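Everything numeric in this text was worked out from a predicted model, so none of it was measured. Letters A, B, ... mirror the listed sequences (proteins, then strands); counts begin at 1. Computed over heavy atoms, backbone and side chain alike; hydrogens, waters and symmetry mates excluded.
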Number of protein chains: 2
Amino acid sequence: MDTPPPTDQQPCPDDILAQSAALMSSQGYHGTSMRDLARTTGRSLSGLYHHFANKEELLYLINQRGFSPLLANAERLRSEYRSGNGRPVAAAPASAALLCDLIGSHLGYFGSHLNEMRVLMFGTQPMSSAHGKAIRQLKERYTEIFKFAVGQYIETRREAATAIEIERKTYLLFGMMNWIFGWYSFDEHGPAEALAEEIYTTFTKGCLALRPAAALDE
Amino acid sequence: MDTPPPTDQQPCPDDILAQSAALMSSQGYHGTSMRDLARTTGRSLSGLYHHFANKEELLYLINQRGFSPLLANAERLRSEYRSGNGRPVAAAPASAALLCDLIGSHLGYFGSHLNEMRVLMFGTQPMSSAHGKAIRQLKERYTEIFKFAVGQYIETRREAATAIEIERKTYLLFGMMNWIFGWYSFDEHGPAEALAEEIYTTFTKGCLALRPAAALDE
DNA sequence: GCCAATCCCGAACGAACGTTCGGTCTGTCA
DNA sequence: TGACAGACCGAACGTTCGTTCGGGATTGGC
């Protein structure tokens, strides 16, 4: 109508999103003011509102644009795995490759988008219910892919696991991968690919262990 | 002098800290106002300042009081391990017990202090430099204990690992343990002890694998 | 019965917040 | 050349923020 129709047609410039993510990743959403963002992006306070409707939508855009490539990549890997299935002989190596590639994709993207990932992990709570739901659905779809891969890896190697056991183990894997936000730096810890391989090895070696306590499954 | 000398002598009531931690864990430090805290704790806005000097000190107290018991417990476990050493025959089971107990202590405390742990993970950045440094030192001492345990576990089982490899593996362990803040609930996932056992098994089985890529160690 | 200490409150302070409004500048296309 | 749209700005709006101030209850020791 009169005010700039915000989001989709005229996309918010990437440099604004990147610099906002950098600021918010260290100060949090509520701890970062629009004036901070204006100063950092070299724009005026009111000029920012030309690119998004309000602060909360900016947070949504950081989440959405930061997470979408990661999800798209994971969905591609899964569909490749599915289309290459039907040959039961190669099932075990195929499921291993899927899991390994997913971990590699995740850590590779994480390592080069640390700020966005930090913002992503702070949660959807400051977002409007519509935006929050949209981001949570992206995360759920992503989690489902990893659960699928973990389940495939286990059941091509030993008897199938229960859904709750697969979920738990998937969360442990996410823990190892996502926790790097607090400590990983390329200079100190080397390339993300090598780290991905270590996580893959650690997880798969531990993953196949028999269930340690039946108490966990009701 | 005139204003209430804040911290140590007359400790801040535990219920204020607990309710503040609950609020801050879901809204973040900057997203939680003093008026929110007053409403939740059933006190007046100005009445809160009788118990701490300012909002930032409240955050420090949540961190300090929340983390100290965990650190104390870990230090007790390590000193028990050290005093029981000197019998090289039992070295391997002893180091396994240390690691297992540490994980159990961590998850047990986490599971019953989820709010405080969430606040703890949001970081020391909003704190003054003095308070931030104090909390960071507590975390470092705690991390050192886990590095020590992981190192002991490895070198009583195979040739010793490099310091950087021990550090990396310790961080993977912390990742599995701390990531539960996002998904763990007693009702869905059972008691923390069983989860601790699963993490211990997963980690130790994967931990002893040979270094997957020499690229990680310079 | 009094004093001091502790705990707590209502009301207000200045500063910072997210957002809006009217206007300018810089192209592009007719 | 003129009209128009997109990108941007300075100044201000009303609200909320963290913090302070003067004072009122309640309590325990003397």
Side-chain angles (χ1 to χ4, degrees), chain A residues 1-21 23-24 26-62 119 122 125-129 131-132, chain B residues 1-21 23-24 26-63 119 122 125-132:
Chain A
M1 294 280 235
D2 42 356
T3 49
T7 340
D8 306 344
Q9 53 196 35
Q10 203 67 23
C12 178
D14 281 332
D15 67 307
I16 291 186
L17 291 185
Q19 291 173 294
S20 301
L23 227 56
M24 287 186 183
S26 71
Q27 304 174 189
Y29 173 75
H30 292 293
T32 305
S33 71
M34 294 297 293
R35 286 162 180 84
D36 288 337
L37 297 174
R39 200 178 315 115
T40 311
T41 59
R43 267 160 248 248
S44 75
L45 183 54
S46 49
L48 283 179
Y49 283 87
H50 191 70
H51 303 288
F52 43 85
N54 49 45
K55 192 186 176 187
E56 179 264 330
E57 190 188 81
L58 172 63
L59 177 63
Y60 168 73
L61 289 175
I62 293 174
V119 173
F122 283 159
Q125 189 266 345
M127 274 185 258
S128 75
S129 65
H131 282 163
Chain B
M1 296 283 243
D2 42 354
T3 50
T7 340
D8 307 343
Q9 53 198 34
Q10 203 67 25
C12 178
D14 281 332
D15 67 309
I16 291 185
L17 291 186
Q19 290 173 295
S20 302
L23 228 56
M24 288 187 183
S26 72
Q27 305 175 189
Y29 173 75
H30 292 293
T32 305
S33 70
M34 294 297 294
R35 284 163 181 83
D36 288 337
L37 297 175
R39 200 178 315 114
T40 311
T41 58
R43 266 161 248 248
S44 76
L45 184 54
S46 49
L48 283 179
Y49 283 86
H50 191 71
H51 303 288
F52 43 84
N54 49 46
K55 191 186 178 189
E56 179 264 328
E57 191 187 81
L58 171 64
L59 177 62
Y60 168 73
L61 289 174
I62 293 174
N63 275 265
V119 173
F122 282 160
Q125 191 266 347
M127 275 187 256
S128 75
S129 63
H131 282 162

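- Side-chain nitrogen and oxygen atoms of A/H50 include at least one within less than 4.0 Å of the OP1 or OP2 phosphate oxygen of D/dA7.
- Within the 4.0 angstrom heavy-atom criterion, only backbone atoms of the sugar-phosphate kind lie near B/R43; the bases stay farther away.
- Evaluation of atom-type donor-acceptor distances gives no pair under 3.5 Å for the side chain of B/S44 against the base of C/dG10.
- A/S33 has a side-chain polar atom (N or O) that falls below the 4.0 Å cut-off from OP1 or OP2 of C/dC17.
- When all heavy atoms of B/H131 and B/E57 are compared, the pair lying nearest together is CE1-CG, 4.0 Å.
- Where A/G42 and A/R35 each meet DNA chain D at their nearest nucleotide, the meeting point lying more 5' is that of A/G42.
- Of the listed nucleotides (D/dT19, C/dG10, C/dC21), C/dC21 has the atom at the smallest distance from the side chain of A/S46.
- Closest non-hydrogen pair, B/L59 versus B/P126, comes out as CD2-CB, 4.0 Å.
- Heavy atoms of B/T32 sit under 4.0 angstrom from primed sugar atoms or phosphate atoms, though from no base atom.
- If you take NE2 of B/H30 and C1' of C/dG18, they are 16 Å apart, rounded to a whole angstrom.
- Judged purely by atom type and a 3.5 angstrom limit, A/Y29 has no side-chain atom pairing as donor or acceptor with the backbone of B/H30.
- Summarising the geometry, the separation between CG on B/L45 and C1' on D/dC17 is reported as 10 Å, rounded to the nearest angstrom.
- The distance between atom CG of A/L48 and atom C1' of D/dG6, rounded to the nearest whole Å, is 16 Å.
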Q) When you look at B/L58 and B/H51, which way does the side-chain contact (heavy atoms from CB on, under 4.5 Å) test go after all the steps? A) CA-CA 9 Å; B/L58 171 64; B/H51 303 288; over 6 Å; no
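- Considering only side-chain N and O atoms, A/H51 lies nowhere under 4.0 angstrom from the phosphate OP1 or OP2 of D/dG6.
- Atom OH in A/Y49 sits roughly 21 Å away from atom P in C/dG23 (whole-Å rounding).
- When every heavy atom of A/F52 is checked against every heavy atom of A/C12, the shortest pair comes out as CD2-SG, 4.1 Å.
- Taking atom NZ on A/K55 and atom P on C/dA16, their separation rounds to 15 Å, with Å as the unit.
- Per the geometry, CD belonging to A/Q27 stands 10 Å off P belonging to C/dC17, to the nearest Å.
- Distance CG (A/D15) to C1' (D/dC8): 14 Å, rounded to an integer number of Å.
- Look at CD on B/E57: it is 12 Å from P on D/dT20, rounded to the nearest Å.
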